[in-house]
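Every chain is numbered from 1 and lettered A, B, ... according to where its sequence line falls, protein lines coming before strand lines. Values below: all heavy atoms of this structure, side chains included; hydrogens, waters and symmetry mates excluded.
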There are 2 protein chains.
Amino acid sequence: MRTEPRSPIADLNARAKIRDAAVVHFARDGFRKANLRAIAATAGVSAGLVIHHFGSKDALRLACDDHVLGSVLARARDKATPEGLASVLQNYLADPAEFQVQIDYLSRAIAEDSPAGRQVVDAIVDETEAVVRAGAFDGSMNAFSDPRAVAVLITMTSLSMMTMASHVGRALGFDGPNLSPAAMRRMALPSAELYTHGLYADDTVLRVTTDALAGSDATTPPNHPTQTQLIRKATT
Amino acid sequence: MRTEPRSPIADLNARAKIRDAAVVHFARDGFRKANLRAIAATAGVSAGLVIHHFGSKDALRLACDDHVLGSVLARARDKATPEGLASVLQNYLADPAEFQVQIDYLSRAIAEDSPAGRQVVDAIVDETEAVVRAGAFDGSMNAFSDPRAVAVLITMTSLSMMTMASHVGRALGFDGPNLSPAAMRRMALPSAELYTHGLYADDTVLRVTTDALAGSDATTPPNHPTQTQLIRKATT
DNA sequence: CAGTATGCTAAACCGTTGTTCAACCGGGGT
DNA sequence: ACCCCGGTTGAACAACGGTTTAGCATACTG
């Protein structure tokens, strides 16, 4: 995956400076809004040099993807955290100032559905699934009919705290584009409560859902009217 | 909020056609990638006419925001569904072909953090919070220490099924940018299970979280190291 | 030392795109 | 019939931005 030049010492040169500047700009403005001249200015070089080193803006994005992804995955491996959610949140909170850029970059990548975004999401879902299965096995977590889907659900919930950080913050009365530590702290207890006791006090919703799913399983064309009733019942 | 011209009959003219075409393009390509000439072509008019009617691309976006938001909120009011999550999902599944564009448009608006996006999110969070409070009151739902934060959590989870639809689908083995009915169906039961029984089999995580929050409450500067330990403990 | 590769810049190129402008056209009022 | 006015167009304008190119300096090589 690494595509760096031969020597790791030579990596601290213009090419690396451009790449780091690009990561900042892509994270802050998104891929399309970010422009090469601004990136070059941040890196202290000319626009032409960016192309000279990376070939094109798209290739530059790939190099950034590669770099951020490698860095984050390496850190995740180092800490050897069992749960994807925990791993992400840990990196986020360990040193907000240092990792904010990478977090923002990956949030953008996920929101814009870039290759790097797909990779992180898949990695986190896989790891979360493993945790869910292990938890069910050792009894620390409930057994689910579809661990994969549960992993997806949990992953999306935690990722949404980053991709929709501004919405979360605003809904809680904070402002600023990133999720402040105070906002994160406020979400911690409710998450634990929800993941411990659930939302519903009894299992009526669950029973209605299973019934509806079983009833409409293959008896109707797989995409039209019964879905509506199912969800209506399941969430009322 | 409505800014339509006086007569609803005259609304079916070029101005409306442009607006509808713009909604499609903004939904499919995002605001920045969408361009006026393509929008004009879809509407069957010239690029100049778009400016003549709306003044600028930004103003056109506002008009689209206005239109989609009004349409969706009106429909939500009609159905009078108690729960924001349910209301959104219902519209989504009632007739995917018809509402897909509006759903996509709002997903974009939320992901790109546009004014319209903020408005829908806030509306859904508010309504969800009301449902959570009512549920706790009538005993159908568990009581939470922070209903607002729970509402945010639930809202983000359901919204992530739209803003990150491609990731959800891919993680489940489907493809395509939108969440297929089959994928939605597969998520239904796990959601019900998670919201009924929770994720954890006992309350150790919850207790650890409350302890950690209480312990670090005001004893340390509000944004640095203890947060890390808190989350590490809470999710391991 | 000559020559050649390498890192780099400045300027130009050129397609895209939001916006402006002058003209046109059909219809209603005088 | 004339005028005028709103809707509409096509061309032109101007800015932006990715990419190309020519050139320059420095360093390494024969």
Side-chain angles (χ1 to χ4, degrees), chain A residues 3-67 108-109 112 114-115, chain B residues 3-67 108-109 112 114-115:
Chain A
T3 328
E4 314 296 56
R6 42 247 158 274
S7 155
I9 314 144
D11 190 33
L12 296 175
N13 287 350
R15 186 188 158 94
K17 282 199 301 190
I18 293 171
R19 191 234 297 131
D20 289 350
V23 168
V24 171
H25 281 256
F26 288 157
R28 198 188 52 202
D29 303 329
F31 178 71
R32 209 176 169 88
K33 187 176 175 185
N35 70 82
L36 293 189
R37 284 178 234 269
I39 293 172
T42 300
V45 299
S46 72
L49 191 64
V50 178
I51 297 292
H52 176 252
H53 275 305
F54 296 92
S56 72
K57 191 184 178 184
D58 281 278
L60 175 60
R61 193 235 294 258
L62 289 189
C64 291
D65 280 5
D66 213 35
H67 181 250
R108 284 275 182 199
E112 295 175 358
S114 85
Chain B
T3 327
E4 315 297 57
R6 40 251 157 268
S7 155
I9 314 147
D11 191 32
L12 297 175
N13 287 350
R15 186 188 157 95
K17 283 198 300 190
I18 293 172
R19 190 232 298 129
D20 289 349
V23 169
V24 171
H25 280 256
F26 288 157
R28 197 189 52 204
D29 303 329
F31 178 72
R32 207 175 173 89
K33 187 176 175 185
N35 70 83
L36 293 189
R37 284 179 234 272
I39 293 173
T42 299
V45 300
S46 71
L49 191 62
V50 178
I51 296 293
H52 175 255
H53 275 305
F54 295 92
S56 71
K57 191 183 179 186
D58 281 278
L60 174 60
R61 194 235 292 258
L62 288 189
C64 291
D65 280 5
D66 213 34
H67 181 251
R108 285 275 182 201
E112 295 176 356
S114 85

Worksheet entry | Protein-nucleotide distance (B:Asn13, atom CG; C:dG26, atom C1'), rounded to Å | 15 Å
Worksheet item: Is the side chain of B:Arg108 donor-acceptor paired with the backbone N or O of B:Phe31 at a distance under 3.5 Å, no angle test?
Response: no
Worksheet entry | Audit row: B:Leu62, B:Phe54, side-chain contact (heavy atoms from CB on, under 4.5 Å) steps and yes/no | CA-CA 9 Å; B:Leu62 288 189; B:Phe54 295 92; over 6 Å; no
Practice prompt. Check the distance between D:dT19's C1' and A:Phe54's CZ and give it to me in whole angstrom.
Written response: 16 Å
Worksheet item: Which nucleotide, C:dT19, D:dT8, D:dG18, lies nearest any side-chain atom of B:Leu36?
Response: C:dT19
Practice prompt. Figure out the CD1/P separation between A:Ile51 and C:dA12, and round it to whole Å.
Written response: 19 Å
Discussion item. Checking contacts here: which listed nucleotide (C:dT17, D:dT8, D:dT19) is nearest the side-chain heavy atoms of B:His53?
Written reply: D:dT8
Practice prompt. Nearest whole angstrom, please: distance from the C1' of C:dT9 to the NZ of A:Lys17.
Written response: 14 Å
Worksheet item: Can you tell me how far C1' of D:dG7 sits from CD1 of B:Ile18, to the nearest Å?
Response: 10 Å
Response to the item:
To the nearest angstrom, the CG-P distance between A:Asp29 and D:dC16 comes to 15 Å
Short N/O separations, protein against nucleotides 9-12 of chain D, under 3.5 angstrom:
unit_1, atom_1, unit_2, atom_2, d
D:dT9, OP2, B:Ser46, N, 2.9
D:dT9, OP2, B:Ser46, OG, 3.1

Item to complete: Answer whether the closest heavy-atom distance between the side chains of B:Asp20 and B:His67 falls below 4.5 Å.
Response: yes
Practice prompt. Could you check how far CG of A:Asn35 sits from C1' of D:dA15, rounded to whole Å?
Written response: 12 Å
Discussion item. Does A:Ala40 reach a base, just sugar-phosphate, or nothing at all? Heavy atoms under 4.0 Å.
Written reply: nothing
Practice prompt. Would you check if the side chain of A:Arg19 reaches a backbone N or O of A:Ala63 as a donor-acceptor pair within less than 3.5 Å?
Written response: no
Worksheet item: Just by distance, do the side chain of A:Arg37 and the backbone of A:Ala47 share a donor-acceptor pair under 3.5 Å?
Response: no
Discussion item. Does the Lys NZ or Arg CZ of B:Lys57 fall within the cation-pi geometry relative to B:Phe26 - under 6.0 Å from the ring centre and within 45° of the axis?
Written reply: no
Worksheet item: Mind checking whether A:Val24 and A:Thr42 have side chains closer than 4.5 Å, heavy atoms only?
Response: no
Worksheet, complete the sentence: From NZ of B:Lys57 across to P of C:dT19 the rounded distance in Å is 8 Å
